[in-house]
Structure formats: structure tokens, C-alpha cells
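Input: a single structure, listed below in C-alpha cells.
What you see below is based on every heavy atom in this structure, not just the backbone, and it leaves out hydrogens, waters and symmetry mates. Throughout, a chain's letter reflects where its sequence line sits, starting with A, and its residues are numbered from 1.
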Amino acid sequence: MTERLLLVALITSSLLALFAACMLGSTPMELPRVIAALFGQSSTADAVVIWQIRLPRALAAWLVGAALGASGAALQGLLRNPLAEPGVLGVTATASLFATFALYYGLAASSVFVLPAFSIIGALIATGLLATAAIRIKSVVTLILLGVGLSSFSAAAMSLLLNLAPNPFTLSDMINWLLGSVANRSFEDIEMALPFILLGLGILFVTRRGLSALTLGEEAASGLGLNLRTQRIAVVLGAGIATGASVALAGAIGFVGIVAPHIVRPVVHHDPARSLLPSALLAGLILVVADIGVRILPTTTELKLGVVAALIGAPAFAWIAMQRRSTHE
Amino acid sequence: MSDLTASDLCVRAGNALLVDDATLTLKSGELVSILGPNGAGKTSLIRAMIGLLPPDRGDCQLNGVDCYRLPPFERAQQVSYLPQRRPLAWPNRVRDIVALGRFAHGAALGRLGQQDAAAVESAMDACDLIPLADRTADTLSGGELARVHFARTLAAHTPLLVADEPVDALDPLHQLSVASLMRNYVDQGGGALVVLHNIALAARISDRLVWMKKGRIVFDGSPQATLTAETMATIFGVEARIITDAHGVDVRIDSALGRG
């Protein structure tokens, strides 16, 4: 009952936030004008602002959030750890390294699918590595450290690419990916990432019952009839594809995949399966709201969404980590 | 009728031989307890028997099918398994943990069908958990949690049950109540293979006792036939007296035997 309420509340507020994103900006637009523009009954100027600037940007933020929120919730279920998240585990960093690589060598220009393909491959390599290591590594701290290592290595490799960047134009392009942003996204960009995000989310959704079973640990879960191998592969694949596609759309945006599931979990009685969908909705909502903030903050240079997400998310991460220590040890 | 068998089973981990040439059968309608000192291979034996551990040699069959090749889902519909270590990743509600026992029946938490909900309810009732049903796991004591896990195993409604130290950490009253739940389960046609450390309790409720030492099954027979001072000396290296009176059997350990 509370879960259904939660879902309704999250969907409603997501829609409201998307509307708000259309209304707010450098030139605020009242609701009637937004609605007129959405339904094609307005001036061309309004239609351009809504359909080519604000709506695709807000939708991109929402989709990226949804992909990261669900991936975070699923990885937390698989690894049985509230600190697991694509950003913390170095998955987004590896994905954006691969994306940067594609940009650096101009490969991304050859086809719209090159950039998402590279990001997804990067994300899959990272998640695959982590899941393989997780079989042998029993300590969660070690696993997180492995993620830190992956992150650092990707950051180093990225710095190398930045260092060697042939011209300032490439450099600024690459920095965009490094920091994470949904500025200037078009519906074409969304079209390129959407199928992969949906595919990833679909795979994760199929694995959700297995995530519940994993609550009891791997031994008991396989006793319950869960095929551990298949489960592990599916979650890695789903989280990798969704995260990779989100990186292709917005670059590396961290921590939202840790904050959203953490808020959702108590409401769904700490069941990883039931936290999947609300985590996706909430993370989408958070990013849309954060992006509105980025747009209306009176700064001379617009802040990057990924920077703002990290500024809010990193302290939250530290707080969750400290709380965990006090209750579990 | 269900049966679970191990034939000439060997399990190895690296160079260590954990289970050495074990042959054992569990049938519906019998309660078989495995006894033996720490490191005797009891856990490895039952894990291999239900296909969670690859055998090095020999094989394990569930109703005539190789356990290790059986899809986990199909196996879980026949055998429910209570492991020795029972970690919990999240502070779930008691009723949700018990409901996980319905996993192989396709149940999803929060959306239980009528049959699943009834099974969960009756398992919680049997284990005295109704008053705790909505409590979260992090508010329970070790013994209460052990009952939650046992209820989870019962809720599966499988023909066979394999449990590793189900009464460990329980107070005397709940040791007896879990023991009698296992006995009831078997009397109603189930088959249970249980690792126990409480020898007197095992002798009281079991149809057969399987005694293990250093990976080998040393004795396998009725409590009357196998629970003797000699068995205690061979298996555990202790001098013990077996006391039988009107209330049942008790084992009194007097001293450790000299190693030699």
C-alpha cells in the first residue's frame, strides 16, 4: 500500500518537475504558454524553447537519473551493500573514459551509435570486473576499494587523453563528459540512448526477484533456487548497459544511484526488488530538480550537473557509510 | 516418495579431502541426523548432496537425477535448505524473510498469492513468530532469527528438508519446539537430513544417526544401535556414558580420552 502511494507520488512529482523545467529558465514561461507550446499551439519561438531546449534537456536528466538510480539499487542488491553504485564502483568513470576515447579519435563522428557503444562497453568491462571480483572478495570494503582503483585509473587515463588533446575544441568536449551535463541535449541524443537505457532497465527489472533472494546471502539464495551465475550476469549486463547509455547521454554523474535507493529502501521494507522502480523514479526526479537548479542559479558560467550532483551526493555517501558502521559493527 | 542419495561421494577443496567416499540415502518419512566433530565434513556432505558443491568423485541424486546438473529452481521445489551461516543483507521484516521460502514457487515479496501467504502464515505460526511478524530483522535476538530462518525453510513446503545446525543458538524450549517441528514434518511424510551438535536431542528425534569423522561416514544406523560409549570414543575422542531412562536418552561426557 505504502509502495503504491510512493510510486504515485514519485510519478506525479516527476511530471511536475518536468513541467517546472519547461517553465523555469533564463526567460521564465508561464504554465499556459508551456502547455500551448507542448501541444503545438504557440509561437514558433516558444515551441523552439520548449521542444528543442528545455524539454529534451529535462527528459535527458530524468532518463539519466532513472538509469543510474535503478543500476545503483540493483548493484546494491547484488553486492548486498548500500554503498554500491555505478559512480562509487568506477563504472561511470570507466564508461566516460571509453566515451572520451571515442571522441578523442573522432570515432564518434562516424555513427550515432559509436558513442553509446563505447560507453556501454566501458561500463560492462567495469561491472564485469567488479562482479567477477565480488565472487572471490568477501569483504565489501575491498570491493569498494577496487572501485576506487578503477575510478582512479580511468581518471588517470582520461587525464592522459586531456593532456594529449590535439586542440582546445576536443578538450572542452572531453571535459563535458568528465564533469557530466545535460546542457544542449536534443531529442536525437535521447533517441540514441533511450533504447539502451530501456534495455538495461528491462534486464534489471527481470532480475528483481533474485535480488530479494540474495538478501539471505549467496548460499541460501542458491538453496532457494536462484541460479547465481545467471543472476550475476544479468545484473551486470543490465546495470552496465543502463549506466553506459546514461554516460553516453550525459557523461559521468555520480552518487545519485546511492542517494535515491537509500531514501527509498525504508519505505519498501528494505526489499531490493521493490526498491528498483521507486529508486529509478526518485533518481530521475532528483536530477531534473538539480538541473533546474543549475539553470536558474545566477552564476556567470553554468555549473555542470555532475558537479552539483557530486557536491550534494558525496557528503551523503560519507554519511551513509558512517551510519552503516555504527549499526553493523 | 522422494529420495536424496550420495554414492561414493568425494569432495575436495584444494588438496584437502572434505568428504571421503560417503554413501548415504535420505527417504521420505525419515529423519536422519549427521553427527561428528568440527571439521568432520558434515556441511560439505549436505552441500554436495543438494548440488551446491561440485563432487570430486561419485555422485548425488535427487529422485534419480544428478543434483549438480539439476536446475536450481527444480531442485529447490524438492528440497529446502537451511545453511549454517545465515547472513542478512538488509533489515527486512520477519514475514518477508519467511516469504523468501516461497521463492521456488514464484512468489514475489509484497505480492504473495493466496497459497504463498497461507504457507508463510502457518510457518510463522509453527515457529511462534506471529507476534514478531512485522518486526525488522535487526531488532531480533540470535535465537529469534534462527527461528525466522527455520520458518523460512518450512514455508517452502518441500518433500525434503536439509538443515545445517537448525537448533544452534536456541534456548532449551525452542530447541525442543524446533525439534518437534522437524519430527512432525517427517511424520507427515517429509524427509529431513539435519546436522546437529546436541547428541541427546538427535538420538531422541532421529530415525537414523550418521556419524562422521575426517570426511568419512563411520557409522550409520538407528540411535539404539549406534549411540554407544564406543561410538563417542571413536568419533569425538571422549569418554561418555549413555544413560537411558523412562524419559529417553542422555549422554554424559566424563573426560577427554588421551590422544594416541
Heavy-atom proximity to chain A below 4.5 Å, by part of B/Arg85:
neither

Less than 4.5 Å apart, side chain to side chain, heavy atoms only: is that true for A/Asn227 and B/Phe73?
no

State, to 0.1 Å, how close B/Trp90 and A/Pro272 come at their nearest heavy-atom pair, and which atoms those are.
NE1-CG, 3.5 Å

Does A/Arg209 reach the main-chain N or O of B/Phe103 with its side chain, forming a donor-acceptor pair under 3.5 Å?
yes

A/Ala220, part contacting chain B, at a heavy-atom distance under 4.5 Å:
both

Taking every non-hydrogen atom, the tightest pair across A/Glu219 and B/Pro83
CG-CB, 3.6 Å

Where A/Arg80 and B/Ala89 come nearest, the two heavy atoms and their spacing:
CB-CB, 3.5 Å

Taking every heavy-atom pair that is under 4.5 Å apart, which of B/Gly106, B/Ala137, B/Ala108 has the most such pairs with chain A?
B/Gly106

Heavy-atom pair with the smallest gap, counting every atom of B/Gly101 and A/Leu224:
CA-CD2, 4.1 Å

Distance in Å, B/Leu100 CG paired with A/Asp271 CG, rounded so as to fall on 0.5 Å steps
7.5 Å

Roughly how far, to the nearest 0.5 Å, is CD of A/Glu3 from CG of B/Leu109?
9.5 Å

Of all heavy-atom pairs linking A/Leu226 and B/Pro72, the shortest is O-CB, 3.9 Å

Under a 4.5 Å cutoff for heavy-atom pairs, which residue among A/Pro266, A/Ser222, A/Ala221, A/Gly225 has the most contacts with chain B?
A/Gly225

Do B/Arg86 side-chain atoms and A/Leu216 backbone N/O form a donor-acceptor pair below 3.5 Å?
no

Any heavy-atom pair between the side chains of B/Asn92 and A/His269 that's under 4.5 Å?
no

So which atom in B/Ala76 and which in A/Gly223 form the shortest heavy-atom distance, rounded to 0.1 Å?
CB-O, 3.6 Å

Between B/Ile50 and chain A, with a heavy-atom cut-off of 4.5 Å, which part of the residue counts as in contact: side chain, backbone, both or neither?
neither

